[in-house]
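Notes to accompany the following structure.
Any value given below was found using the heavy atoms of this structure, including those in side chains, with hydrogens, waters and symmetry copies removed. Lettering of chains follows the sequences in order, A, B, ..., and the numbering in each one begins at 1.
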Amino acid sequence: MAKTRYIFDALLLLLFVLANVPQINLPFHEWVSVVFIIPFIAHLLLHWNWIKTVPQRFMQSFTAEVRFNVIFDSCIYLLMIFVIGSGFLASEVLLPLFSDFEAQPFWSEVHHQYSNLLMVAVGIHLGMHWKWIKQQTKIVLGKA
Amino acid sequence: MLRLKLLLENWPVRTMVLLVFSSVVMAAFYTLEFTDWADEVNRLAQGTQAAADGESRSPPPILLFVLPFVKQAVFIIVPASITVGILALLRRRRTKHQ
């Protein structure tokens with residue numbers, strides 16, 4: 001199961017990197033961002049059983065490090081929703097295909113600023129799970 | 001061979017729960033559009049756009065392609081390295097105290 005998580009997480013990271021280059025091509029950025037939602041949902045579904053236990057175990061059996069992780073992961077989830085949502089509201093290519101929607105500069109501004117913050121948060125998230133990433137990389141590459 | 005049992009088990013319901021919850025969260029964020037903060041940002045952005053319309057400088061295409069990736073590498077790798085360092089220090093301290 002860890003291998004499945006690893007492969008989906010690698011795909012998620014790859015799409016995150018590709019989605020974060022709107023300067024290169026805006027339609028590509030918007031379409032990749034939509035595709036990104038699929039592995040993002042898969043990422044949450046693959047950790048569903050753990051997420052379900054959080055409310056029960058938060059105060060009783062979690063260490064301080066795991067507790068910090070839970071709070072940080074909740075923040076990164078909210079930030080991700082905000083960046084994805086503001087991206088839809090700032091859309092210049094996708095949304096106009098379906099409606100006469102006119103993006104407000106506010107959404108474009110906050111989308112840009114908070115996506116920078118999201119990159120830093122993803123960095124911290126990767127750092128928090130670095131031990132697992134290193135271990136799984138060795139297993140997947142057959143070096144363990 | 002990928003084991004997808006954990007992913008596919010009851011996935012429509014779980015996905016629906018995630019989508020509904022995320023939509024509610026986004027709907028709450030959407031109310032920001034009606035705040036003074038949004039008005040201020042919209043006003044400033046229009047001013048910046050008017051000023052930028054007069055300029056036509058753009059960086060060389062190769063830089064336009066490379067710089068976003070460099071920025072991402074810095075924004076992701078630096079915080080990740082700092083986190084790994086802090087965690088290693090904390091774990092070492094914890095082992096020393098035990």
Using the salt bridge (charged side-chain N to carboxylate O under 4.0 Å, His left out) rule, take B:Glu9 and B:Arg14 through it: C-alpha gap first, then chi angles, then the decisive distance, then the call.
-> CA-CA 9 Å; B:Glu9 192 186 346; B:Arg14 295 189 297 156; 5.7 Å; no
Could you please spell out the steps behind the side-chain contact (heavy atoms from CB on, under 4.5 Å) verdict for A:Val32 and A:Leu15?
-> CA-CA 7 Å; A:Val32 171; A:Leu15 284 171; 3.9 Å; yes
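Most heavy-atom pairs under 4.5 Å with chain B: of the set A:Trp130, A:Phe16, A:Trp48, this distinction falls to A:Trp48. No other option in A:Met128, A:Gln104, A:Arg5 has as many heavy-atom pairs under 4.5 Å with chain B as A:Gln104. When the candidates B:Phe65, B:Phe29, B:Phe69 are compared by the number of heavy-atom contacts under 4.5 Å with chain A, B:Phe29 comes out ahead.
Shown here are the ring pair (Phe, Tyr, Trp, His ring centres under 6.0 Å) partners of B:Phe21, two or more places apart in sequence or in another chain: there are none. Annotation: salt bridge (charged side-chain N to carboxylate O under 4.0 Å, His left out) contacts of A:Arg67 (sequence neighbours excluded): none.
Residues of residues 111-118 of chain A lying within less than 4.5 angstrom of chain B, judged on heavy atoms, are A:His112, A:Tyr114, A:Asn116 in numerical order. Contacts of residues 76-84 of chain A with chain B at a heavy-atom distance below 4.5 Å involve A:Tyr77, A:Leu78, A:Ile81, A:Phe82, listed in sequence order.
Residue contact with chain A, scored on non-hydrogen atoms closer than 4.5 Å, is absent for B:Val78. Looking at B:Leu87, only its side chain comes within 4.5 Å of chain A, counting heavy atoms on both sides. Interface residue B:Arg91: only side-chain heavy atoms are found under 4.5 Å from chain A. When heavy atoms are compared at a cutoff of 4.5 Å, A:Ser86 approaches chain B solely by way of its backbone atoms N, CA, C and O. For a residue to count as touching a neighbouring chain, one of its non-hydrogen atoms must lie under 4.5 Å from one of that chain's; by this rule B:Leu32 touches chain A with backbone and side chain alike.
Heavy-atom contacts from other residues, nucleotides or ligands closer than 6.0 Å to CH2 of B:Trp11 number 12 or fewer. Other residues, nucleotides and ligands contribute more than 12 heavy atoms inside 6.0 Å of the CH2 atom of A:Trp132.
Between B:Trp37 and A:Phe106, the two ring planes are perpendicular [angle over 60°; tilted spans 30° to 60°]. Ring geometry, A:Phe68 versus A:Phe72: the interplanar angle falls under 30°, so the pair is classed parallel (tilted spans 30 to 60°).
When all heavy atoms are compared, the tightest approach of A:Pro105 to B:Asn42 is CD-OD1, 3.3 Å. Of all non-hydrogen atoms in A:Trp107 and A:Ala90, the two that sit nearest each other are C-CB, 3.8 Å. The heavy-atom pair separating A:Glu30 from A:Leu94 by the smallest distance is OE1-N, 2.8 Å.
When side chains are defined from C-beta on, A:His129 counts as touching A:Asp73, because their heavy atoms get closer than 4.5 Å.
In this structure, the side chain of B:Gln72 does not engage the main chain of A:Met119 through any donor-acceptor pair within 3.5 Å.
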